[in-house]
Amino acid sequence: MKRIILSLAVAAAAVTGADAQLLWTVGGNGAAGTSYLFGTHHVAPVEMLDSLPGFNAAMASVDAVVGEIEMGKSSGEEAQAAMGRWCMAPADSLLTMVLTPAQTDSVNALMERYTDGMLANAVENMAMMKPAMLSTTIAVFQSAKAFPEFRPDAQLDAVIQQRALQQGKEVMALETYDEQFALLMGDPIARQVDKLMKQVREDGSPKGAEMAHRLADAYRRGDLGLISSIMDDEDMMDPISRERLIDGRNRRWAELLPSIMAEKRILASVGAGHLPGLIELLRGVGYEVSPVK
(Lines give C-alpha, C1' and ligand atoms only; values in the text may rest on other atoms or scores of the structure.)
Protein backbone atom coordinates (compact mmCIF):
# COMPACT_ATOMS: atom_id res chain seq x y z
CA MET A 1 0.00 0.00 0.00
CA LYS A 2 2.84 2.43 0.82
CA ARG A 3 4.42 1.83 -2.58
CA ILE A 4 1.11 2.59 -4.32
CA ILE A 5 0.57 5.76 -2.28
CA LEU A 6 4.15 6.91 -2.84
CA SER A 7 3.87 6.38 -6.60
CA LEU A 8 0.63 8.37 -6.68
CA ALA A 9 2.16 11.21 -4.69
CA VAL A 10 5.23 11.40 -6.89
CA ALA A 11 3.13 11.23 -10.04
CA ALA A 12 0.95 14.04 -9.00
CA ALA A 13 3.32 16.76 -9.33
CA ALA A 14 1.88 19.84 -11.30
CA VAL A 15 0.39 19.67 -14.91
CA THR A 16 -0.57 23.11 -15.72
CA GLY A 17 0.99 31.44 -23.28
CA ALA A 18 3.17 29.77 -25.59
CA ASP A 19 3.05 28.05 -28.96
CA ALA A 20 1.24 24.72 -29.14
CA GLN A 21 4.29 22.58 -28.49
CA LEU A 22 5.65 20.35 -25.73
CA LEU A 23 9.31 20.14 -26.85
CA TRP A 24 11.53 23.24 -27.00
CA THR A 25 15.20 23.90 -27.79
CA VAL A 26 17.28 26.06 -25.46
CA GLY A 27 20.58 27.56 -26.61
CA GLY A 28 22.89 30.54 -26.53
CA ASN A 29 23.87 32.51 -23.43
CA GLY A 30 26.92 30.34 -22.80
CA ALA A 31 25.13 27.00 -23.08
CA ALA A 32 27.38 24.01 -23.84
CA GLY A 33 25.18 23.14 -26.83
CA THR A 34 21.54 22.68 -27.66
CA SER A 35 19.45 21.63 -24.66
CA TYR A 36 15.73 20.87 -24.53
CA LEU A 37 12.69 21.54 -22.38
CA PHE A 38 9.95 18.91 -22.47
CA GLY A 39 6.56 19.26 -20.80
CA THR A 40 5.15 16.09 -19.29
CA HIS A 41 1.75 15.12 -17.99
CA HIS A 42 2.48 12.78 -15.14
CA VAL A 43 -0.43 10.47 -15.94
CA ALA A 44 -0.17 10.51 -19.75
CA PRO A 45 0.47 7.25 -21.64
CA VAL A 46 4.14 6.63 -22.36
CA GLU A 47 3.36 5.90 -26.02
CA MET A 48 3.12 9.67 -26.53
CA LEU A 49 6.92 9.88 -26.42
CA ASP A 50 7.45 7.89 -29.60
CA SER A 51 4.75 9.80 -31.47
CA LEU A 52 6.14 13.23 -30.53
CA PRO A 53 8.18 14.68 -33.44
CA GLY A 54 11.81 15.26 -32.47
CA PHE A 55 11.69 13.69 -29.02
CA ASN A 56 13.83 10.61 -29.70
CA ALA A 57 16.38 12.69 -31.60
CA ALA A 58 16.53 15.17 -28.73
CA MET A 59 17.05 12.39 -26.20
CA ALA A 60 19.83 10.87 -28.30
CA SER A 61 21.66 14.21 -28.62
CA VAL A 62 21.91 15.22 -24.96
CA ASP A 63 24.36 14.30 -22.21
CA ALA A 64 21.87 14.16 -19.33
CA VAL A 65 18.19 14.15 -18.42
CA VAL A 66 17.01 16.50 -15.68
CA GLY A 67 13.70 15.74 -13.98
CA GLU A 68 11.74 17.32 -11.16
CA ILE A 69 12.96 14.48 -8.94
CA GLU A 70 15.08 11.40 -9.57
CA MET A 71 12.39 8.79 -10.12
CA GLY A 72 14.74 5.83 -9.75
CA LYS A 73 14.90 6.57 -6.04
CA SER A 74 11.14 6.26 -5.58
CA SER A 75 11.40 2.90 -3.80
CA GLY A 76 14.57 3.71 -1.91
CA GLU A 77 15.33 4.82 1.60
CA GLU A 78 15.45 8.52 0.68
CA ALA A 79 11.90 8.52 -0.70
CA GLN A 80 10.49 6.38 2.10
CA ALA A 81 12.07 8.62 4.73
CA ALA A 82 10.72 11.77 3.06
CA MET A 83 7.28 10.21 2.86
CA GLY A 84 7.39 9.45 6.58
CA ARG A 85 8.37 13.02 7.40
CA TRP A 86 5.81 14.77 5.19
CA CYS A 87 2.90 12.45 4.38
CA MET A 88 2.13 10.98 7.80
CA ALA A 89 -0.32 12.93 9.98
CA PRO A 90 0.58 14.15 13.48
CA ALA A 91 -0.72 11.83 16.19
CA ASP A 92 -3.44 14.32 17.15
CA SER A 93 -4.56 14.92 13.54
CA LEU A 94 -5.36 11.53 12.09
CA LEU A 95 -7.91 11.54 9.28
CA THR A 96 -10.43 9.89 11.57
CA MET A 97 -10.01 12.82 13.98
CA VAL A 98 -10.05 15.80 11.60
CA LEU A 99 -12.93 14.71 9.35
CA THR A 100 -16.53 14.79 10.53
CA PRO A 101 -18.69 11.67 10.03
CA ALA A 102 -20.41 13.34 7.08
CA GLN A 103 -17.08 14.29 5.52
CA THR A 104 -15.79 10.76 6.08
CA ASP A 105 -18.81 9.31 4.29
CA SER A 106 -18.30 11.66 1.33
CA VAL A 107 -14.61 10.87 0.99
CA ASN A 108 -15.17 7.13 1.35
CA ALA A 109 -17.92 7.15 -1.28
CA LEU A 110 -15.67 8.95 -3.76
CA MET A 111 -12.71 6.64 -3.15
CA GLU A 112 -14.95 3.59 -3.38
CA ARG A 113 -16.16 4.75 -6.78
CA TYR A 114 -12.66 5.38 -8.12
CA THR A 115 -11.29 2.05 -6.87
CA ASP A 116 -14.29 -0.17 -7.70
CA GLY A 117 -14.86 -0.82 -4.01
CA MET A 118 -11.26 -1.57 -3.06
CA LEU A 119 -11.02 1.54 -0.86
CA ALA A 120 -14.57 1.70 0.45
CA ASN A 121 -13.18 2.67 3.87
CA ALA A 122 -10.35 4.87 2.64
CA VAL A 123 -10.44 7.29 5.58
CA GLU A 124 -10.11 4.49 8.10
CA ASN A 125 -7.53 2.58 6.04
CA MET A 126 -5.45 5.71 5.41
CA ALA A 127 -6.07 7.32 8.80
CA MET A 128 -2.36 7.92 9.43
CA MET A 129 -1.99 9.94 6.22
CA LYS A 130 -2.46 13.69 5.93
CA PRO A 131 -5.56 14.99 4.10
CA ALA A 132 -3.27 16.20 1.31
CA MET A 133 -2.29 12.59 0.68
CA LEU A 134 -5.91 11.76 -0.06
CA SER A 135 -6.21 14.88 -2.23
CA THR A 136 -3.16 13.82 -4.22
CA THR A 137 -4.51 10.30 -4.65
CA ILE A 138 -7.89 11.59 -5.86
CA ALA A 139 -6.18 13.95 -8.32
CA VAL A 140 -4.26 11.04 -9.83
CA PHE A 141 -7.44 8.98 -10.14
CA GLN A 142 -9.14 11.92 -11.87
CA SER A 143 -6.29 12.33 -14.35
CA ALA A 144 -6.01 8.59 -14.98
CA LYS A 145 -9.71 8.50 -15.88
CA ALA A 146 -9.02 11.11 -18.56
CA PHE A 147 -6.12 8.98 -19.85
CA PRO A 148 -7.52 5.43 -19.95
CA GLU A 149 -4.33 4.30 -21.76
CA PHE A 150 -2.19 5.20 -18.72
CA ARG A 151 -0.32 2.34 -17.02
CA PRO A 152 1.07 2.95 -13.50
CA ASP A 153 4.06 0.73 -14.32
CA ALA A 154 4.98 2.98 -17.28
CA GLN A 155 4.82 6.49 -15.88
CA LEU A 156 6.03 9.08 -18.39
CA ASP A 157 8.66 10.86 -16.27
CA ALA A 158 10.06 7.58 -14.95
CA VAL A 159 10.32 6.05 -18.44
CA ILE A 160 12.22 9.08 -19.72
CA GLN A 161 14.75 8.66 -16.93
CA GLN A 162 14.95 4.89 -17.47
CA ARG A 163 15.66 5.40 -21.16
CA ALA A 164 18.35 7.94 -20.31
CA LEU A 165 20.11 5.45 -18.03
CA GLN A 166 19.84 2.72 -20.67
CA GLN A 167 21.57 5.08 -23.11
CA GLY A 168 24.37 5.73 -20.62
CA LYS A 169 23.26 9.26 -19.80
CA GLU A 170 23.32 10.98 -16.44
CA VAL A 171 20.04 11.58 -14.60
CA MET A 172 19.75 14.67 -12.44
CA ALA A 173 17.01 16.29 -10.36
CA LEU A 174 15.81 19.83 -9.74
CA GLU A 175 14.32 18.95 -6.35
CA THR A 176 14.83 16.47 -3.54
CA TYR A 177 12.05 14.24 -2.29
CA ASP A 178 11.89 16.33 0.88
CA GLU A 179 11.40 19.51 -1.13
CA GLN A 180 8.66 18.05 -3.31
CA PHE A 181 6.77 16.37 -0.47
CA ALA A 182 7.01 19.59 1.56
CA LEU A 183 5.32 21.45 -1.30
CA LEU A 184 2.55 18.88 -1.64
CA MET A 185 2.00 18.09 2.03
CA GLY A 186 3.22 21.16 3.93
CA ASP A 187 -0.04 23.11 4.35
CA PRO A 188 -1.62 23.33 7.83
CA ILE A 189 -3.95 20.39 8.44
CA ALA A 190 -7.06 22.59 8.55
CA ARG A 191 -6.25 24.02 5.11
CA GLN A 192 -5.64 20.50 3.81
CA VAL A 193 -9.08 19.42 5.04
CA ASP A 194 -10.71 22.41 3.35
CA LYS A 195 -8.97 21.65 0.05
CA LEU A 196 -9.82 17.95 0.27
CA MET A 197 -13.52 18.58 0.84
CA LYS A 198 -13.65 21.21 -1.94
CA GLN A 199 -12.13 18.61 -4.23
CA VAL A 200 -14.69 16.00 -3.16
CA ARG A 201 -17.61 18.41 -3.65
CA GLU A 202 -16.45 19.47 -7.10
CA ASP A 203 -15.67 15.97 -8.34
CA GLY A 204 -19.31 15.25 -9.10
CA SER A 205 -20.07 18.67 -10.59
CA PRO A 206 -20.13 19.20 -14.37
CA LYS A 207 -17.18 21.58 -14.15
CA GLY A 208 -15.18 19.25 -11.94
CA ALA A 209 -15.83 16.26 -14.16
CA GLU A 210 -14.84 18.24 -17.25
CA MET A 211 -11.61 19.77 -15.94
CA ALA A 212 -9.36 16.69 -16.02
CA HIS A 213 -10.59 15.82 -19.51
CA ARG A 214 -9.96 19.37 -20.77
CA LEU A 215 -6.41 19.23 -19.39
CA ALA A 216 -5.83 15.82 -20.94
CA ASP A 217 -7.12 16.97 -24.35
CA ALA A 218 -5.01 20.15 -24.17
CA TYR A 219 -1.93 18.08 -23.38
CA ARG A 220 -2.54 15.66 -26.26
CA ARG A 221 -2.61 18.70 -28.58
CA GLY A 222 0.41 20.32 -26.93
CA ASP A 223 -1.70 23.41 -26.28
CA LEU A 224 0.25 25.15 -23.51
CA GLY A 225 -1.90 28.26 -23.76
CA LEU A 226 -5.05 26.29 -22.97
CA ILE A 227 -3.33 24.35 -20.18
CA SER A 228 -2.15 27.61 -18.65
CA SER A 229 -5.61 29.22 -18.88
CA ILE A 230 -7.21 26.21 -17.17
CA MET A 231 -4.64 26.35 -14.38
CA ASP A 232 -5.23 30.09 -13.99
CA ASP A 233 -8.84 29.34 -12.99
CA GLU A 234 -8.92 29.79 -9.21
CA ASP A 235 -11.37 26.91 -8.94
CA MET A 236 -8.56 24.74 -10.27
CA MET A 237 -5.69 26.22 -8.26
CA ASP A 238 -5.91 29.03 -5.70
CA PRO A 239 -3.27 31.80 -5.75
CA ILE A 240 -1.38 30.45 -2.73
CA SER A 241 -1.08 27.00 -4.30
CA ARG A 242 -0.18 28.52 -7.67
CA GLU A 243 2.75 30.39 -6.13
CA ARG A 244 3.99 27.34 -4.19
CA LEU A 245 3.52 24.69 -6.86
CA ILE A 246 4.13 26.56 -10.12
CA ASP A 247 5.56 30.08 -10.03
CA GLY A 248 7.95 29.75 -7.10
CA ARG A 249 9.37 26.51 -8.44
CA ASN A 250 9.80 28.02 -11.92
CA ARG A 251 11.96 30.78 -10.46
CA ARG A 252 14.11 28.31 -8.52
CA TRP A 253 14.53 26.03 -11.53
CA ALA A 254 15.40 28.96 -13.80
CA GLU A 255 18.24 29.74 -11.39
CA LEU A 256 19.49 26.12 -11.37
CA LEU A 257 19.31 25.30 -15.07
CA PRO A 258 21.88 27.83 -16.45
CA SER A 259 24.78 26.35 -14.48
CA ILE A 260 23.83 22.85 -15.65
CA MET A 261 23.41 23.88 -19.30
CA ALA A 262 26.77 25.65 -19.23
CA GLU A 263 28.45 22.28 -18.66
CA LYS A 264 26.31 19.77 -20.57
CA ARG A 265 23.48 19.39 -23.04
CA ILE A 266 20.33 18.36 -21.21
CA LEU A 267 16.73 17.35 -21.69
CA ALA A 268 14.82 18.96 -18.82
CA SER A 269 11.54 17.10 -18.30
CA VAL A 270 9.00 18.94 -16.12
CA GLY A 271 5.22 19.23 -15.82
CA ALA A 272 3.76 20.95 -18.88
CA GLY A 273 2.23 23.67 -16.72
CA HIS A 274 5.73 24.89 -15.90
CA LEU A 275 6.78 25.42 -19.53
CA PRO A 276 5.26 28.86 -20.23
CA GLY A 277 6.83 30.32 -17.09
CA LEU A 278 10.21 28.64 -17.61
CA ILE A 279 10.36 29.71 -21.24
CA GLU A 280 9.70 33.32 -20.27
CA LEU A 281 12.27 33.25 -17.47
CA LEU A 282 15.00 31.65 -19.59
CA ARG A 283 14.38 34.06 -22.45
CA GLY A 284 14.55 36.88 -19.93
CA VAL A 285 18.16 36.01 -19.05
CA GLY A 286 19.30 35.68 -22.66
CA TYR A 287 18.57 32.15 -23.85
CA GLU A 288 17.10 31.41 -27.26
CA VAL A 289 14.09 29.17 -26.64
CA SER A 290 12.20 27.83 -29.66
CA PRO A 291 9.57 25.13 -30.29
CA VAL A 292 10.72 21.98 -32.08
CA LYS A 293 8.69 21.67 -35.28
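Counting all heavy atoms, side chain and backbone alike, V171 lies closest to A164 at CG2-CB, 4.0 Å. Looking at every heavy atom in both residues, M88 comes nearest to K130 through O-CE, 3.5 Å. A pairwise comparison of heavy atoms in S35 and I266 identifies OG-N, 2.9 Å as the closest pair. The heavy-atom pair separating L278 from V270 by the smallest distance is CD1-CG2, 4.0 Å. The heavy-atom pair separating P45 from E149 by the smallest distance is CB-CB, 3.8 Å. Taking both residues in full, the closest heavy atoms of L156 and V46 are given as CD1-CA, 3.6 Å, listed atom of the first, atom of the second, then distance.
V159 and L165 are assigned to two separate hydrophobic clusters, defined by single-linkage of ILVMFWY side chains at heavy-atom distances under 4.5 Å. Hydrophobic clustering (side-chain heavy atoms under 4.5 Å, transitive across Ile, Leu, Val, Met, Phe, Trp, Tyr) keeps V285 apart from L281.
Side-chain N or O atoms of R191 include none that pairs as donor or acceptor with a backbone N or O of D187 at under 3.5 Å. A donor-acceptor pair is defined here as one N or O able to donate and one able to accept, closer than 3.5 Å; such a pair exists between the side chain of N125 and the backbone of N121. Not one N or O on the side chain of S143 forms a donor-acceptor pair closer than 3.5 Å with the backbone of V140. Of the possible polar contacts, none joining the Q21 side chain to the P291 backbone as a donor-acceptor pair under 3.5 Å is found. Judged purely by atom type and a 3.5 angstrom limit, E112 has no side-chain atom pairing as donor or acceptor with the backbone of G117. The main-chain N or O of A64 is never found under 3.5 Å from a side-chain atom of R265 such that the two would form a donor-acceptor pair. Within the 3.5 Å criterion, the main-chain N or O of M48 finds a donor-acceptor partner in the side chain of S51. A distance-only check finds no donor-acceptor pair linking the side chain of S228 to the backbone of L224 [under 3.5 Å]. S93 places no side-chain N or O within 3.5 Å of a backbone atom of P90 that could act as its donor or acceptor partner. Here the side chain of Q155 pairs a donor or acceptor atom with the backbone of H42 at under 3.5 angstrom.
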Next on the checklist: For a side-chain contact (heavy atoms from CB on, under 4.5 Å) check, start with the C-alpha distance between M59 and I160, then their side-chain angles and the critical distance, and finish with the verdict.
Outcome noted: CA-CA 9 Å; M59 171 74 90; I160 291 171; 3.8 Å; yes
Checklist entry - Does the pair R201 and D194 meet the rule for a salt bridge (Lys or Arg N to Asp or Glu O under 4.0 Å), with working shown? => result CA-CA 11 Å; R201 289 191 301 272; D194 288 343; over 6 Å; no
Next on the checklist: Working note: E179 + I69, criterion side-chain contact (heavy atoms from CB on, under 4.5 Å); need CA distance, chi angles, decisive distance, verdict.
Outcome noted: CA-CA 9 Å; E179 289 170 336; I69 54 175; over 6 Å; no
Item to check | Trace of the salt bridge (Lys or Arg N to Asp or Glu O under 4.0 Å) decision for K198 with E202 | outcome: CA-CA 6 Å; K198 180 176 183 291; E202 291 180 350; 2.9 Å; yes
Item to check | Candidate pair S241 and K195, rule side-chain hydrogen bond (donor to acceptor under 3.5 Å, both in side chains), full reasoning | outcome: CA-CA 10 Å; S241 296; K195 291 170 71 173; 3.1 Å; yes
Next on the checklist: Using the rule given for side-chain contact (heavy atoms from CB on, under 4.5 Å), can you reason through F141 versus T115, listing the C-alpha separation, both sets of side-chain angles and the distance that settles it, and then say yes or no?
Outcome noted: CA-CA 9 Å; F141 285 142; T115 62; 3.7 Å; yes
Item to check | Derivation and outcome, salt bridge (Lys or Arg N to Asp or Glu O under 4.0 Å), residues R252 and D247 | outcome: CA-CA 9 Å; R252 291 193 294 275; D247 298 335; over 6 Å; no
Next on the checklist: Working note: T25 + V289, criterion side-chain contact (heavy atoms from CB on, under 4.5 Å); need CA distance, chi angles, decisive distance, verdict.
Outcome noted: CA-CA 6 Å; T25 61; V289 189; over 6 Å; no
Item to check | Stepwise salt bridge (Lys or Arg N to Asp or Glu O under 4.0 Å) check, E170 with K264 | outcome: CA-CA 10 Å; E170 185 179 2; K264 58 194 71 180; 2.8 Å; yes
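Atom CG of residue D63 and atom CD of residue Q167 lie 12.0 Å apart, to the nearest 0.5 angstrom. The distance from atom CG of L174 to atom CD of E68, rounded to the nearest 0.5 Å, is 7.5 Å. The CD atom of Q103 lies 11.5 Å from the CG atom of N108; values are rounded to the nearest 0.5 Å. Interatomic distance, L94 CG to E124 CD, rounded to the nearest 0.5 Å: 12.0 Å. In this structure, CD on E70 lies 6.5 Å from CD on Q161, to the nearest 0.5 angstrom. Separating the CG atom in L99 from the OG1 atom in T104 is a distance of 4.5 Å, to the nearest 0.5 Å.
Y36 is not listed as a side-chain neighbour of V26, based on a closest heavy-atom distance of 4.5 Å or more. Looking at heavy atoms from C-beta onward, D203 lies in side-chain contact with R113 at the 4.5 angstrom threshold. Taking 4.5 Å as the limit, every side-chain heavy atom of P53 sits out of range of all side-chain heavy atoms of V292. Taking 4.5 Å as the limit, every side-chain heavy atom of V123 sits out of range of all side-chain heavy atoms of D105. Side-chain contact between Y287 and M261 is present, with heavy atoms from C-beta onward closer than 4.5 Å. By the 4.5 Å heavy-atom criterion applied to side chains, V62 and K169 are counted as neighbours. Within the 4.5 Å cutoff, the side chain of H274 has heavy atoms near those of the W253 side chain. In this structure, the side chains of M118 and M111 stay at 4.5 Å or more apart for every pair of heavy atoms.
Applying the 6.0 Å contact sphere to CH2 of W86 captures no more than 12 heavy atoms from other residues, nucleotides or ligands. The number of heavy atoms from other shown groups lying within 6.0 Å of CD (E288) does not exceed 12. For M97, the CE atom sits in a packed shell: over 12 heavy atoms of surrounding residues, nucleotides or ligands are nearer than 6.0 Å.
A salt bridge between R163 and D50 is present, with a side-chain N of the basic residue lying under 4.0 Å from a carboxylate O of the acidic one. Taking the charged nitrogens against the carboxylate oxygens, D217 and R220 do have a contact shorter than 4.0 Å, which makes a salt bridge. Ion pairing between R249 and E243 fails under the 4.0 Å rule for side-chain N and carboxylate O.
Between Y219 and F147, the angle of the ring planes goes over 60°, which puts this pair in the perpendicular group of the 30/60° scheme.
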